[in-house]
Amino acid sequence: MKVILPDATELELPDGASGLDAARAIGPKLAEQAVLVKADGVSQDIRLPLPNGAKLQILTTRDTHDPDALAVLRHSAAHLLAEAVRRLHPGVKVAIGPPIDNGFYYDFEFPTPINDTDLEAIEAEVQRELGEGRAWEREEISADEARARFEAEGEPYKVELVETAEGAISLYTQGDFTDLCRGPHLQTSAPIKAFKLTSLAGAYWRGDSNNAQLTRIYGTAFFSQKDLDAHLERLDQARARDHRRLGAELDLFHFDEHSPGSPFWHPKGMAVFNALEDLRRRENGRRGYSEVRTPLIYDKALWVTSGHWEKFRENMFLIPIDDEHTYAVKPMNCPGHMLLFGSQLRSYRELPLRFAEAAPLHRNELAGALHGLTRVRYVTQDDAHIFCSREQIDGELDGCLVYLRYLYGLFGIEPRAELSTRPENKLGADEEWDFTEGKLIEALDRHEISYFVGEGEGSFYGPKIDLHITDALDRSWQLGTIQLDAQMPSRFGLTFMGRDNREHPVFVIHRALFGSLERFIGIIIEHYGGAFPLWLAPVQVRLLPVSEQHRNGAREISAKLREAGFRAELDERDETLGKRIRDSELEKIPVVVVFGERESEAALAVRTRGEGQSTRSLDELVAELEHVVAPSRG
RNA sequence: GCCGAAGUAGCUCAGCUGGUCAGAGCACCGCUCUUGUAAAGCGGGGGUCAAGGGUUCGAAUCCCUUCUUCGGCUCCA
């Protein structure tokens, strides 16, 4: 057989040769450093036979930043962790231990709970293993053999994995630990130059909260200590961009234990909030949406009709009124909008009807799920419900996707699209879901939006196109969502009169493009590192009078800027100019104007964030600011 | 909700093998200075050490419960 090397030369090998054999044929050093082989771009363990004629790429310990090479390193590190845990905690049952972005984890069922102190001991044990050195052996056995073996070892999770595994079963052994594992793995532990356990957490077996909760140990590993240090350094820098930290530093919002998960918006945070609201109102108006306002609390009967009582009650705040009546604070706007639509006989001439409302919603999120602005109990969705006929669905979905692209383009953020399909607790028949899912797929294709499929991730009333973005700490959050719903209108008996003088079914598109204003603001705080563009900045211009006698002059300028529609502010504290400039810098204020003796007579000294200082007249400054702000003011 | 960790002045933190342990810096207030592009000087106020209960002669420090926060899991905009 032969393989093709990256430089296009061909290498003759005996039949059945492995990646390691190929590396040996090229050179002993390469063989020693080999970590992973890619045959025609597909990763495989270096111990496995190569396909004949494959284009070969061998990743080595020098590919210190290659995600695939790092995954192999970390996967092997996870096995060292499991070996150490089994030695230190006899009776522990092992589950799974894959590499993940930036590290790895391994799930265990411990006979007795462990804590951070145990974690330190486990890490020390792994370091000892690394000192001794380990080598991995790979073997393949039948599923029956594997099952018998893990049953004998008292490893129920491994037995379950064997039972659901496809194809041959492979085992990897290092030290006294043998793991059911697909691989690939390192040859030896020598390349693991840095190893660190990072945290301890509970995790449900197979990600299902009905299953047993296991103990998950997170860690990371690198090809060098320097890389680990750099990783930790990056984490530190990311923490500086954390919106919870910047929210306090920039005086945007805070939380209080008297209402967990509900932000208190300070004046500066509210300025950002309102800038987004202004944008939302203007664009909605331009795109044919009508603003509406509906109640915050409704009788339980409404929630029974909508299906929320059955599907969403656990997340709702209930208000007992008397023995017979219970109200609930709305977690979504849709039922209210259904009532609004149904309050009149609707003609086909009215459709599509686009009702927009950015009302406060309350969801009783699990206490452990709350997270700054990105996971709150008080949510403001930039919500809208589009009521349309079957024929209008495509056009309305198009409108939503164009709108969505415009909005995200303004912020320069590029979310990933997900098609979320029918969940287990869905309402309605499969045929209806076939139709609504099909419509969303066609729309994504028309707009050439690539997406991944989230099986079963849809809402109980319809499939969704969801947009996801990662925050400063690499956590993924859902922002916008576009949902096509045939269930809710039929549960509310909504119809419209057609040209044929008959009633026709109504379809509803639920759409929130920012998603929630709270979460969106959390994300953009991190995206901009707190340095908002001019149109969003809480304070756009700050005036600094040089000394007491320039206060009146500075006040006048500040008033004129406010008159021109800008958020201008005066800092006339009795601090040195240097101190006040420093504070303005730390607050990331886009434009700072120093006003003193010279400016009373001539041009203003303008300090622009990131660009240094220059001089211009007040009129020039206003014109310039208007020019900068224009795109977002439409 | 579950697993692990934490909660000391507005913020960041020290003190935590129980006994001058209630402290520091920044912030705040007052006075002096009247400031020219990233921190002027001096002085001062401020905390029932998250809340409640317990152990002890004595608790910020040890134990229990609750609340909140942080890292995950589940769930979700």
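Just so we're on the same page: letters track the sequence lines, and every chain starts at 1.
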Which part of the nucleic acid does A/Arg244 contact within heavy-atom distance under 4.0 Å: base, sugar-phosphate only, or nothing? sugar-phosphate
Sugar-phosphate only, base, or nothing, as touched by A/Glu518 at under 4.0 Å among non-hydrogen atoms: nothing
Applying a 4.0 Å non-hydrogen cut-off, can you work out what A/Gly515 is touching in the nucleic acid: base, sugar-phosphate, or nothing? sugar-phosphate
Heavy atoms under 4.0 Å, any strand shown: does A/Val592 hit a base, just sugar-phosphate, or nothing? nothing
What does A/Ala367 touch in the nucleic acid at a heavy-atom separation under 4.0 angstrom: a base, only the sugar-phosphate, or nothing? base
How would you list all residue pairs meeting side chain to side chain donor-acceptor pair (under 3.5 Å) that involve residues 88-101 of chain A, not counting sequence neighbours? none
Using a heavy-atom cut-off of 4.0 Å across all strands, would you classify A/Gly207 as base, sugar-phosphate, or nothing? sugar-phosphate
Name the nucleic acid region contacted by A/Gln381, choosing base, sugar-phosphate or nothing; use a 4.0 angstrom heavy-atom cut-off, strictly under. sugar-phosphate
Distance-only donor-acceptor test (3.5 Å): side chain A/Glu365, base B/A77: yes
Base, sugar-phosphate or nothing for A/Leu544? Non-hydrogen atoms, less than 4.0 Å. nothing
Report which part of the nucleic acid A/Ala248 touches: base, sugar-phosphate, or nothing (heavy-atom distance under 4.0 Å, all strands). nothing
May I have the distance from A/Asp383 (atom CG) to B/A77 (atom C1'), rounded to whole angstrom? 10 Å
For nucleotides 40-42 of chain B, give me every protein contact, N/O to N/O, under 3.5 Å, one pair per line with atom names.
{"residue": "B/A40", "atom": "OP1", "partner": "A/Thr576", "partner atom": "OG1", "Å": "3.1"}
{"residue": "B/A40", "atom": "OP2", "partner": "A/Thr576", "partner atom": "OG1", "Å": "2.5"}

Using a 4.0 Å heavy-atom cut-off across all strands, classify A/Glu548 as base, sugar-phosphate, or nothing. base
Could you tell me whether A/Ala203 contacts a base, only the sugar-phosphate backbone, or nothing, with contacts defined as non-hydrogen atoms closer than 4.0 Å? sugar-phosphate
